[in-house]
Amino acid sequence: MLLFDDYKKQLITKLNTVYKIDDKDAEINTEHGDISIRLFRINDDQEKIRNNLYNILKREAYIERFEINGKYLNVWLKTKLMFDILDDAFQRLGIYPDVFQDAEKALVEHTSANPTGPIHIGRTRNSIIGDSIARIIERTGMRVMTQYYVNDSGKQVLYLYIGHEKFHNTEEPTVENLLDGYQKIYNNMDDSIEKEVSELSKLYEKGDTETIKKIQDIAGIVLSSIMESLKKIDVNIMSYVWESSFIVNGATSRVMTMLENNIKSEGNAKYIEYNGKKIYLTRSDGTSLYFVRDIAYHLYKAGDYDVIIDVLGEDHKEHAKNLSYVLKDLLNFNALLRFVFYDFISLETGKMSTRKGNIVTLDDLYEKTVEESIKVVREKRPEYTNEKTMEIALAIASSSIRFNISKVNQNKPMTFRWSEALNFEGDSAPYIMYAYARAKSIVKKIKNIKSIELKDFNEYERSLIKNMFLYPYYLRSAYENLRPDIIANYLLTLVKSFNDFYTNCPVIGSNEEYKRSKIIEMFIKIMDDAAPLLGIKLLDEI
RNA sequence: GGGCCCGUAGUGUAAUGGAUCAUCAUAUAGGCCUCCGGAGCCUAUGAUCCGGGUUCGAAUCCCGGCGGGCUCACCA
């Protein structure tokens, strides 16, 4: 839980002593004021409203000034107050906003891609959103675990295994020959393969550890390569849960027992009816399906965590609805379960498919982005050593890839374009990193600053201070809505106001050196706090 | 075909009922370094898919189209 001086809330509370003001009618950081309140819903004489508001607000210590403009109340907060709150927070606690560490434990499940091939940029959207959400909720004081649910028992993975047996069984399994076998299986699908899958599923159901081990080894090879790829963009998933474990430990059979009053049969296949549709739990050969294993998985999650967050592609919306129904309506599931859906990334040539092989992998993207970064750094900073150039290029590549995906609202479809991915100007990670490097560079040059009493702030100083002061509101909103793009857009706003400040307010050697250097130090601290939430790596020199 | 999601300047995006200026970028055309890092700053141009409706007020809500995505498996 975030702790900060929430003046918006205080203002609403105060106004509510006279008029009912809905939280929705209060907005921060509008173009008209620091806090703006809509008065449309107040049913009173305009002159009376004016007088009442005046009487309430004139005594509020945090207000610098306010105006009533038509049906709006615009309030400006005292700049010195905002400055002091930031300064005090950093002096005393080293952090702004502060957090109250409560006992809430959260589990963020993300990525969970079938380990049947290298991770492509569409799936990477899942990883980036999931990892950022984990960082954001951790920042609000929760204890967070991230988890990858590994499919090692579904059809796709069995195909992967059979593909290797059929086409590459004389070779050591590698990501390349496994993917090749997997694609070949889909191109040569016939009844015998289906039968083999069925046989393998039955072995799983019996808990045949030898078979499971063999398939996990194969899946594990692909899984490790996915982890390696994700590591490059600083996504490190903390725990891995194998789907087969719920079959082996009997959890899936227990789910069947728990649901027995709701289960119907069609031959030997079992299903539940919901909204006139059949949700199958087992096949007619008695083997379990993804749905029942996912129920078992969620019951397992609820045993350890208060808040469960699943990051899923939009193709899982229906599944999530069904899952919620079974968990909540049939099984008295009481952990807080939240789904985060994201839309797919497509290519200009159409949608991606691992089976068909028309994908841009994360490795492709990373490699090209690093290459481009090296080129740009060499061009702009020819004096840097190769080692330094490389260090910067890697930071830029990882940050850029993450930022380009994070900045777009997750429920909008995206089209991947190389020209945009490799553009480092404007709304980009390097723009953010560059501002930080500038700030750092000034700090290095600051010498003997004498502390003086601060009074006046010009518009550039004020705007930057205000944007830093308002950070908790954006952080809270990103947390409540599970939306990393809110942090991304906040960072752009913050950096924009820093750049305005930078061009208009000289620091070194000016009369304002003390005040401005304090502002820059705060800026660095806010950046150090906010940028890593999205995996942006800030460097002192770029 | 049924259900769900999306449609905003040439391009990418913000705003999910509120301000006669619909955000921020990019692209295009100009301008700003004897001065803390020009990967920056300033100015100009340019957009709510179409048609109805609800409302004091609609990019936002409702209805009908159009376009794109997802889904409707004994796949995951």
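Per chain, numbering begins at 1; letters A, B, ... match sequence-line order.
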Do any side-chain nitrogens or oxygens of [X] fall under 4.0 Å of OP1 or OP2 in [N]?
X	N	result
A/K351	B/G69	no
A/R417	B/G12	yes
A/K496	B/C42	yes
A/N499	B/C41	yes
A/N411	B/C5	no
A/R483	B/A15	yes
A/Y290	B/A76	no
A/R41	B/G17	no
A/K277	B/U71	no
A/Y502	B/G38	yes
A/R283	B/A76	yes

Taking any heavy-atom pair under 4.0 Å as a contact, classify [X]: base, sugar-phosphate, or nothing.
X	value
A/G154	sugar-phosphate
A/S346	nothing
A/I396	base
A/E541	base
A/R293	sugar-phosphate
A/D540	base
A/N404	nothing

Practice item. Report yes or no: does A/R293 contribute a side-chain atom to a donor-acceptor pair with the main-chain N or O of A/I247 at less than 3.5 Å? Key: no
Exercise for review: Scan side-chain atoms only and decide if A/S36 and A/T30 contain a donor-acceptor pair under the 3.5 Å cut-off.
Suggested key: yes
Exercise for review: Could you tell me whether the side chains of A/N29 and A/N467 share a donor-acceptor contact shorter than 3.5 Å?
Suggested key: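 Present: a donor and an acceptor within the cut-off.
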Point to revise | Separation of the C1' atoms in B/U13 and B/G18, to the nearest angstrom | key: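 Pairwise C1' distance, B/U13 against B/G18, rounds to 22 Å.
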Check your understanding: Quantified in whole Å, what is the C1' atom distance between nucleotide B/C33 and nucleotide B/C49?
Key -> 45 Å
Practice item. With sequence neighbours excluded, tell me which residues meet side-chain contact (heavy atoms from CB on, under 4.5 Å) with A/E67. Key: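 Testing A/E67 for side-chain contact (heavy atoms from CB on, under 4.5 Å), a comparison that skips the adjacent residues, returns A/N69, A/N74, A/W76.
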Check your understanding: Can you name the ring-ring contact (aromatic ring centres under 6.0 Å, His included) partners of A/Y290, sequence neighbours left out?
Key -> A/H319
**Study point:** Charged N-O contact under 4.0 Å between A/K388 and A/E541
**Key:** yes
Check: [X] side chain, [N] base, donor-acceptor under 3.5 Å:
X	N	value
A/S36	B/A19	yes
A/N409	B/A15	no
A/Q156	B/C75	yes

Verify stack between [X] ring and [N] base, 5.5 Å, 30 degrees:
X	N	answer
A/H32	B/A19	yes
A/Y72	B/A19	yes
A/F344	B/G69	no

Check your understanding: Going by the angle between their ring planes, with limits at 30° and 60°, are A/Y149 and A/Y297 parallel, tilted or perpendicular?
Key ->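 If you compare the ring of A/Y149 with that of A/Y297, the planes turn out parallel.
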Check your understanding: Using the ring of each side chain (for Trp, its six-membered ring), is A/F498 parallel, tilted or perpendicular to A/F523, with breaks at 30° and 60°?
Key ->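 Judged by the thresholds at 30° and 60°, the geometry between A/F498 and A/F523 is parallel.
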Practice item. Please list every stem that involves RNA chain B, where a stem is a run of 3 or more consecutive Watson-Crick or G-U wobble pairs with both pairing distances under 3.5 Å. Key: B:1-7 with B:66-72, B:10-12 with B:24-26, B:28-32 with B:40-44, B:49-53 with B:61-65
Exercise for review: Measure from NE2 on A/H316 to C1' on B/G69 and round the result to the nearest Å.
Suggested key: 16 Å
